[in-house]
Amino acid sequence: LEKMTDLVAVWEVALSDGVHKIEFEHGTTSGKRVVYVDGKEEIRREWMFKLVGKETFTVGATKTKAAINIDAVSGFAYEYTLEINGKSLKKYLENRLKTTNTWILNLGGTDYRIVLEKDTMDVWCNGEKTETAGEFVEDGTETHFTVADHSCCIKAVSSGKRKEGIIHTLIVDNREIPEAVE
């Protein structure tokens, strides 16, 4: 395996199915462009005469659309920006904070990353979409599922405040799990 000598950018992107590492090589003398997702080569282009442009690819089990923009800043300096689903990484992550909840927990010595997609109520556990059962309860809804033989429940209750909306709480074995900040 050749050493990544032309590595110019590395991003970590948290998606529902996990945190993905995107690496980009740009050989400004050879015109080479290589995109790696989680260490696996996704795109390789040799001898690109146009040094600026865009490389598009997908990330993760959800095949999320991604693009790396290559722009000339000045002389031989370049700027590399990552877009996810057509938004800048910053905008995408800000939007993701509003549309998902993430919890990290340890059960029996194993770490689990649980993600709730609020728009679909899909629950992901360590990169796999999980079977859930939803039910209406007196003060909201409960979404039940299991992780490593532990009963889990995401409670959704109204905050009573319009700006805050619905509050989602993960309960595992009758214990509330604090939300993670990614």
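From a predicted model like this one, the values you see are computed outputs, not experimental measurements.
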Discussion item. If the test is side chain to side chain contact (heavy atoms under 4.5 Å, CB included), which one of Thr100, Thr62, Leu15 qualifies with Trp124?
Written reply: Thr62

Worksheet item: Should the heavy atoms of other residues, nucleotides or ligands under 6.0 Å from CG of Asn174 be counted, would the total exceed 12?
Response: no

Fill in: Cluster check Leu107, Phe145: I/L/V/M/F/W/Y, side chain < 4.5 angstrom
yes

Worksheet entry | Value rounded to 0.5 Å, distance of CD1 in Ile104 from CD in Glu179 | 10.5 Å

Worksheet item: Are Leu170 and Leu105 close enough that some pair of their side-chain heavy atoms sits under 4.5 Å apart?
Response: yes

Worksheet item: Side chains of Tyr78 and His26: do they bring a donor and an acceptor to under 3.5 Å?
Response: no

Discussion item. Quick check on the hydrophobic clustering: are Phe57 and Val52 connected, directly or via other members, by side-chain heavy-atom contacts under 4.5 Å?
Written reply: yes

Practice prompt. Tell me, yes or no, whether the heavy-atom count around Glu128 atom CD, taken from other residues, nucleotides or ligands under 6.0 Å, exceeds 12.
Written response: no

Discussion item. Any side-chain to backbone donor/acceptor pair from Thr102 onto Val115? Under 3.5 Å, distance only.
Written reply: no

Item to complete: State yes or no: do Leu51 and Tyr80 share one hydrophobic cluster built from I, L, V, M, F, W and Y residues joined by side-chain heavy-atom distances below 4.5 Å, directly or via other members?
Response: yes

Worksheet item: Around atom CG of Asp149, are there more than 12 heavy atoms of other residues, nucleotides or ligands at under 6.0 Å?
Response: no

Discussion item. What verdict does the side-chain contact (heavy atoms from CB on, under 4.5 Å) test give for Met121 and Thr132, after you've listed the backbone C-alpha separation in whole Å, the side-chain angles of each residue and the deciding distance to 0.1 Å?
Written reply: CA-CA 9 Å; Met121 290 306 285; Thr132 61; over 6 Å; no

Item to complete: Could you check if a side-chain atom of Ile154 sits within less than 4.5 angstrom of a side-chain atom of Asn101, using non-hydrogen atoms only?
Response: no

Worksheet item: So among Glu79, Lys54, Glu55, which one has a side chain to side chain contact (heavy atoms under 4.5 Å, CB included) with Asn69?
Response: Lys54

Worksheet item: Could you state the interatomic distance from OG1 (Thr110) to CG (Asn126), rounded to the nearest 0.5 Å?
Response: 8.5 Å

Discussion item. Rounded at 0.5 Å granularity, tell me how far CD1 in Ile177 sits from CD1 in Ile114.
Written reply: 9.0 Å

Worksheet item: Taking 4.0 angstrom as the limit, do Glu12 and Lys21 come out as a salt bridge?
Response: no

Item to complete: Quick one: pull up CD in Glu42 and OG1 in Thr56 and give me the separation to the nearest 0.5 Å.
Response: 11.0 Å

Discussion item. Applying a strict under-4.5 Å side-chain criterion to I, L, V, M, F, W and Y, I'd like to know whether Ile171 and Val157 cluster together.
Written reply: no

Fill in: Distance in Å, Ile22 CD1 paired with Asp38 CG, rounded so as to fall on 0.5 Å steps
8.0 Å

Item to complete: Evaluate the side-chain proximity of Val19 to Arg113: yes if any heavy-atom separation is below 4.5 Å, no if none is.
Response: yes

Worksheet entry | Atom of Arg44, atom of Tyr36 and distance for their closest heavy-atom approach | NH2-OH, 3.7 Å

Discussion item. Counting only heavy atoms from other residues, nucleotides and ligands, does the tally under 6.0 Å from CD of Glu131 exceed 12?
Written reply: no

Item to complete: Flag the pair Lys65 / Asn85 as yes when at least one side-chain heavy-atom distance between them is below 4.5 Å, and no otherwise.
Response: yes

Practice prompt. Would you check if Trp11 and Phe24 make a side-chain contact, meaning some heavy-atom pair closer than 4.5 Å?
Written response: yes

Worksheet item: In Å and rounded to the nearest 0.5 Å, what is the NZ to CZ distance from Lys50 to Arg33?
Response: 7.5 Å

Practice prompt. Using modelled atom types only, decide if a donor and an acceptor are shared between the side chain of Asp17 and the backbone of Lys63 within a distance under 3.5 Å.
Written response: no

Item to complete: Answer with yes or no whether the hydrophobic clustering places Leu116 together with Tyr92; edges join I, L, V, M, F, W, Y residues whose side-chain heavy atoms lie under 4.5 Å apart.
Response: no

Worksheet item: So, do Arg96 and Ile84 sit near enough that their side-chain heavy atoms are less than 4.5 Å apart?
Response: no

Worksheet item: Closest heavy-atom contact between Ser159 and Gly165?
Response: OG-O, 2.7 Å

Item to complete: For residues Val8 and Glu25, determine if any side-chain heavy atom of one lies less than 4.5 Å from a side-chain heavy atom of the other.
Response: no

Practice prompt. Report yes if some heavy atom in the side chain of Val147 is under 4.5 Å from a heavy atom in the side chain of Val172; otherwise report no.
Written response: no

Worksheet entry | Charged N-O contact under 4.0 Å between Glu94 and Lys98 | no

